Amino acid sequence: MKNILVTGAAGFIGSAFARYMVEKYRHYQIIVYDKLTYAGNLDNLLPIDDEENYRFERGDIANRETLKAVLEKYQIDTIVNFAAESHVDRSILTPDAFIHTDFVGVYILLDEGKKHGIERFVQVSTDEVYGDIHEGLSVESDPFLPNSPYAASKASGELMVRAYHVTHGMNTVITRGSNTFGPYQYPEKLLPFFITEAIDDRPLPLYGDGRQVRDWLYVEDHVTGIDVALHHGQSGEAYNIAGENQQHNIDVIHHMLDHLGKPYSLIKHVPDREGHDRRYAMDCAKLRALGWQRQFTFEDALQKTVAWYRENEWWWRKIKTGEFMEFYKQQYAARLAAADQRDGNS
Ligand code: NAD
Ligand code: TYD
């Protein structure tokens, strides 16, 4: 393994992975390939901009021509695919891009990778493929029961990875991470959205009763999990990467507000997300058996994360304009108005 194409690494987790790999493995070439959608941001890669073993190329994973040119130019032998449309709420409003990238894009990446003789292909996936887990923990052999267009498109991408492994003997590994948080996360996801809104004393639109359960994983632990799976995972296998830290959304937000020193009264219970999964929870013994272990406690990681958004307004203030505000209006205006009306009437 020498020349690694990291697709979608101008986004949140991919950029953390690229920064980590460039520092840790000086003898690897890390080539980031990213379409730079609304979620792609070259600021996320600034810390490694001058590094000798890092290059950036702009392109779509579903575009065979640009992809082929990059695979050849850098003699790529390994692909780690982070590229995705990643936000459940957007998949409910506008699912087309999810099918394009999370399914068709993965197929084209596999197909061009196969033609080029790729030696290792890692697909970064999600616990959402298992669907709503009322009790217990998902293990890797559990069936897929995806509920959102996002989860369905990620599950479809995984099935194509499996097919290329079985049919063409491609050396593949899949990782399924749980809800991830940390610096450089686009402020549409729960924690960065609520932290940055709370800094400005704006209402925090919590869906439904806020008692949905997510398993929170710090981004740096997610990245080391992918590193372990890349280097030690068995071909054809999938590995859960869990935070083993299941919490109700409302409790996570209370902790976050305590760290910021802001009042709980900022929370507004708004009408729920359609098809909202109540609980995700995974077992990650299979990855631990390869030698992975988490480094961060939830409390430390949350504190670091809150501090980072407080200290890096330059990064998120310019994002929360234009396109973001259009999405905000579409997603939240009616919900917040309904909550105001309810509270005014009660
Ligand atoms: P993100 O939305 O922050 O970043 C996605 C990146 O992919 C962006 O840089 C975007 O420009 C790029 N991209 C989108 N479409 C592309 C295309 N067609 N071609 C090339 N690049 C494209 O996402 P994230 O939160 O960093 O998630 C990264 C991966 O991890 C995704 O595959 C996601 O499904 C998975 N995942 C995320 C979480 C989470 O909690 N955020 C948890 C588990 C798994
Ligand atoms: P999110 O960050 O969108 O991740 P996912 O849907 O992939 O788990 O949401 C995390 C949880 O927070 C989820 O239960 C939905 C909830 N949520 C809200 O209550 N309000 C919001 O504005 C957002 C974005 C999420």
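Counting starts at 1 for both ligands and their atoms, following the listed order. Keep in mind it's a predicted model, so treat the numbers as computed, not measured. Side-chain atoms are counted along with the backbone in the values below, which use heavy atoms only and exclude waters and symmetry mates.
Of the heavy atoms in Tyr150, only side-chain atoms (C-beta onward) come closer than 4.0 Å to ligand 1. Only backbone heavy atoms of Glu188 (N, CA, C or O) come within less than 4.0 Å of ligand 2; its side chain stays farther off. When non-hydrogen atoms are compared, ligand 1 lies under 4.0 Å from the backbone of Val124 as well as from its side chain. With a 4.0 Å heavy-atom cut-off, ligand 2 is reached by the backbone of Leu190 and by its side chain too. For Asp127, no heavy-atom contact with ligand 1 is shorter than 4.0 Å. Looking at Lys154 against ligand 1, only its side chain comes within 4.0 Å, counting heavy atoms. Residue Val270 does not touch ligand 2, judged by heavy-atom distances below 4.0 Å.
Using a 4.0 Å cutoff on heavy atoms, His276 counts as a contact of ligand 2. Using a 4.0 angstrom heavy-atom cutoff, Leu36 counts as in contact with ligand 1. Heavy atoms of Phe194 come nearer than 4.0 angstrom to ligand 2 in at least one pair. Ligand 1 lies less than 4.0 angstrom from a heavy atom belonging to Ser178. In this structure, Ala97 has no heavy atom closer than 4.0 Å to ligand 1.
Summary of contacts: the protein heavy atom closest to atom 44 (C) of ligand 1 is Ser125 O, 3.0 Å. When hydrogens are left out, the protein atom nearest atom 8 (C) of ligand 1 is Asp34 OD2, 3.6 Å; that is the closest non-hydrogen contact. For atom 38 (C) of ligand 1, the closest heavy atom belonging to the protein is Ile13 CD1, 3.6 Å. Protein heavy atom closest to atom 2 (O) of ligand 1, with residue, atom name and distance, is Ser86 OG, 2.6 Å.
In this structure, Phe298 has its ring center under 6.0 Å from that of Phe181. Between Phe193 and Tyr332, the gap from one ring centroid to the other is short of 6.0 Å.
Residue nearest to atom 12 (O) of ligand 2, selected from Leu206, Asp277, Asn249: Asn249 (by heavy-atom distance). Nearest-heavy-atom check against atom 4 (O) of ligand 2 across Asn179, Ile267, Leu204 picks out Asn179. Summarising the contacts of atom 25 (C) of ligand 2 with Tyr150, Phe193, Tyr207, the nearest heavy atom is found in Tyr207. With Gln212, His87, Glu197, Arg273 as candidates, the residue nearest to atom 9 (O) of ligand 2 on a non-hydrogen basis is Arg273. Of the listed options Gln185, Gln123, Lys35, Lys35 places a heavy atom closest to atom 20 (C) of ligand 1.
Ring geometry, Tyr25 versus Tyr28: the interplanar angle falls under 30°, so the pair is classed parallel (tilted spans 30 to 60°).
Annotation: Tyr186 places no N or O atom under 3.5 Å from an N or O atom of ligand 1; distance criterion only. Of the N or O atoms in Asp89, none lie within a sub-3.5 Å distance of an N or O in ligand 2. Considering both main-chain and side-chain atoms, Thr101 comes within under 3.5 Å of ligand 1 through a nitrogen or oxygen pair. Checked against a 3.5 angstrom limit, the closest N/O atoms of Thr180 and ligand 1 fall inside it.
Counting the atoms of ligand 1 from 1 in the order shown, those under 4.0 Å from a heavy atom of Gly59 are 19 (N), 20 (C). The distance from ligand 1 to the heavy atoms of Ala10 drops below 4.0 Å at these ligand atoms: 9 (O). Listed by number with element, the atoms of ligand 1 under 4.0 Å from a non-hydrogen atom of Asn179 are 40 (O). Below 4.0 Å from some heavy atom of Tyr332 lie the following atoms of ligand 2, by number and element: 21 (C), 22 (O), 23 (C), 24 (C).
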- request: In sequence, state the C-alpha distance, the side-chain angles, and the governing distance for Phe82 and Phe17, and then conclude on ring-ring contact (aromatic ring centres under 6.0 Å, His included).
  value: CA-CA 9 Å; Phe82 291 86; Phe17 182 76; 5.2 Å; yes
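Remark: Arg202 is positioned above the aromatic ring of Tyr328, its terminal NZ or CZ atom under 6.0 angstrom from the ring centre and at most 45 degrees off the axis.
With Asp200 as reference, Arg317 is the one residue of Arg317, Lys262, Arg310 to meet the salt bridge (Lys or Arg N to Asp or Glu O under 4.0 Å) rule. The one candidate from Phe327, Tyr150, Tyr186 that meets the ring pair (Phe, Tyr, Trp, His ring centres under 6.0 Å) condition with His87 is Phe327.
Side chains of Tyr33 and Arg58: a donor-acceptor N/O pair is absent below 3.5 angstrom, by distance only.
The number of heavy atoms from other shown groups lying within 6.0 Å of CD (Gln293) does not exceed 12.
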